Asks: 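Before we start, here is the structure in question, set down as structure tokens.
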Amino acid sequence: MTHILRLFLPRLNLQHFWNQLSLGYQIHPDILFDAHARIADIATGTGIWPLALSRSLASTVQIDGFDISDAQFPPKKWLPANVTLDTLDILEPIPDQFLGKYDVVNIRYFALSIKNSDHLGVLKSLISLLKPGGYLQWVEVNIQKQSVVSVTLDTPSIATSDFNDTGKAALPTLGVAHE
């Protein structure tokens, strides 16, 4: 594993826990499924989302994490029996064996990865993974509306504020439409 890749692992795992604490759930409480459901996590990164989710669901729920690369996956022997991690590029045509197989498809923080603003193409690919009546859970941050807040008044936030402002300014150069 390269030095650069090792730097991303803690950030992705921390981002997972921040997201869970912020939302209060991993799967929205209105999303209902049975004890034999199949759940897909797209752009799974380190696999932290399916691994954490497996601890709160019946072992009969199958959770499959997919990413463009397996470089960040933990060793297979560390995975519970109901979790698999595999490679899949959601920006490419979906292999037939995954079409219509999932009760729930989850994706997080992916909008900036979509090339040429092809959000509709990605949405169609995600929906193609779902069984009829399945659920798509897509979590994104609203970069234009986010703000930086310090924990206390004496905690400086200038570096984070500058980073936030730079991110907002970069959106048009990435082809991302925003308000």
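Not measured: the values here are computed from a predicted model. Throughout, numbering of the chain's residues begins at 1 and tracks the sequence.
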Asks: Tell me, do Leu79 and Pro50 make a side-chain contact under 4.5 Å, heavy atoms counted?
Replies: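 Side-chain contact under 4.5 Å: no.
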Asks: Would you indicate whether the side-chain heavy atoms of Trp138 and Asn106 approach each other to under 4.5 Å?
Replies: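 No, side chains not in contact.
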Asks: Provide the closest heavy-atom pair for Gln62 versus Asn82 in the form atom of the first, atom of the second, distance.
Replies: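 For Gln62 and Asn82, the tightest heavy-atom pair comes out as NE2-O, 3.1 Å.
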Asks: Would you give the length of the straight line joining atom NZ of Lys101 to atom CG of Leu130, rounded to the nearest 0.5 angstrom?
Replies: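 Here the interatomic distance stands at 13.0 Å.
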Asks: Is a donor from one side chain sitting under 3.5 angstrom from an acceptor on the other, for Asp70 and Gln72?
Replies: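 Distance-only check fails for Asp70 and Gln72.
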Asks: Please name the pair of heavy atoms, one in Leu85 and one in Gly47, separated by the smallest distance, quoted to 0.1 Å.
Replies: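 Closest heavy-atom pair between Leu85 and Gly47: CD2-CA, 4.1 Å.
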Asks: Taking atom CG as the centre, does Asp34 end up with more than 12 heavy-atom neighbours from other residues, nucleotides or ligands that are less than 6.0 angstrom away?
Replies: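 Counting neighbours around CG of Asp34, more than 12 heavy atoms of other residues, nucleotides or ligands fall under 6.0 Å, so yes.
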Asks: Looking at Leu99, is its backbone amide N or carbonyl O close enough to the side chain of Ser128 to form a donor-acceptor pair, meaning the two atoms are under 3.5 Å apart?
Replies: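 Flag not set: sc Ser128 to bb Leu99 has no pair under 3.5 Å.
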Asks: Check the pair Val122, Leu91 against side-chain contact (heavy atoms from CB on, under 4.5 Å), reporting the backbone distance first and the verdict last.
Replies: CA-CA 6 Å; Val122 172; Leu91 302 175; 3.5 Å; yes
Asks: With a 4.5 Å cut-off on side-chain heavy atoms, are Tyr102 and Leu136 touching?
Replies: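 No; the side chains remain at least 4.5 Å from each other.
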Asks: Treating Ile, Leu, Val, Met, Phe, Trp and Tyr as nodes and any side-chain heavy-atom pair under 4.5 angstrom as an edge, say whether Val105 and Leu32 lie in one connected cluster.
Replies: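 Cluster IDs for Val105 and Leu32 differ.
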Asks: If you take all heavy atoms of Phe66 and Ala40, which pair is closest and at what distance?
Replies: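 Nearest pair, atom of Phe66 first, then Ala40: CE1-CB, 4.1 Å.
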Asks: Determine whether Leu126 and Ile68 fall in the same hydrophobic cluster, where Ile, Leu, Val, Met, Phe, Trp and Tyr are linked whenever their side-chain heavy atoms lie under 4.5 Å apart.
Replies: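 No, Leu126 does not connect to Ile68 through the hydrophobic network.
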Asks: Do the charged groups of Asp103 and Lys131 touch, with an N to O distance under 4.0 Å?
Replies: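 Looking at Lys131 together with Asp103, the answer is yes, because their closest N to O distance falls below 4.0 Å.
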Asks: Just how far is it from atom OG of Ser54 to atom CH2 of Trp49, taken to the nearest 0.5 Å?
Replies: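 The distance works out to 10.5 Å.
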Asks: Among residues at least two apart in sequence or on other chains, which ones pass ring-ring contact (aromatic ring centres under 6.0 Å, His included) with Tyr135?
Replies: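 Residues passing ring-ring contact (aromatic ring centres under 6.0 Å, His included) with Tyr135: none at all.
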Asks: Begin from the C-alpha positions of Asp64 and Arg38 and carry the test side-chain contact (heavy atoms from CB on, under 4.5 Å) through to its verdict.
Replies: CA-CA 8 Å; Asp64 301 326; Arg38 290 192 68 176; 2.9 Å; yes
Asks: Does a donor on one side chain sit under 3.5 Å from an acceptor on the other, for Thr44 and Asp67?
Replies: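 Per modelled atom types, Thr44 and Asp67 side chains form no pair under 3.5 Å.
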Asks: Is a salt bridge present between Arg108 and Asp41, judged by a nitrogen-to-oxygen distance below 4.0 Å?
Replies: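 Yes, Arg108 and Asp41 are salt-bridged.
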Asks: Could you check whether any side-chain N or O of Gln137 sits under 3.5 Å from a backbone N or O of Gln26, counting only pairs where one atom can act as donor and the other as acceptor?
Replies: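 Answer holds: yes.
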Asks: How far does OG of Ser69 sit from CG of Asp89, to the nearest 0.5 angstrom?
Replies: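 Ser69 OG to Asp89 CG: 11.0 Å, rounded to 0.5 Å.
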Asks: Does any non-hydrogen side-chain atom of Phe33 lie less than 4.5 Å from one of Leu57?
Replies: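 Sidechains of Phe33 and Leu57: in contact.
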Asks: Side-chain contact, heavy-atom cut-off 4.5 Å: Pro80 with Leu51?
Replies: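 Yes - at least one pair of side-chain heavy atoms lies under 4.5 Å apart.
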Asks: For Val61 and Leu53, run side-chain contact (heavy atoms from CB on, under 4.5 Å): C-alpha distance rounded to whole Å, both residues' side-chain angles, the deciding distance at 0.1 Å, then the answer.
Replies: CA-CA 10 Å; Val61 174; Leu53 184 63; over 6 Å; no
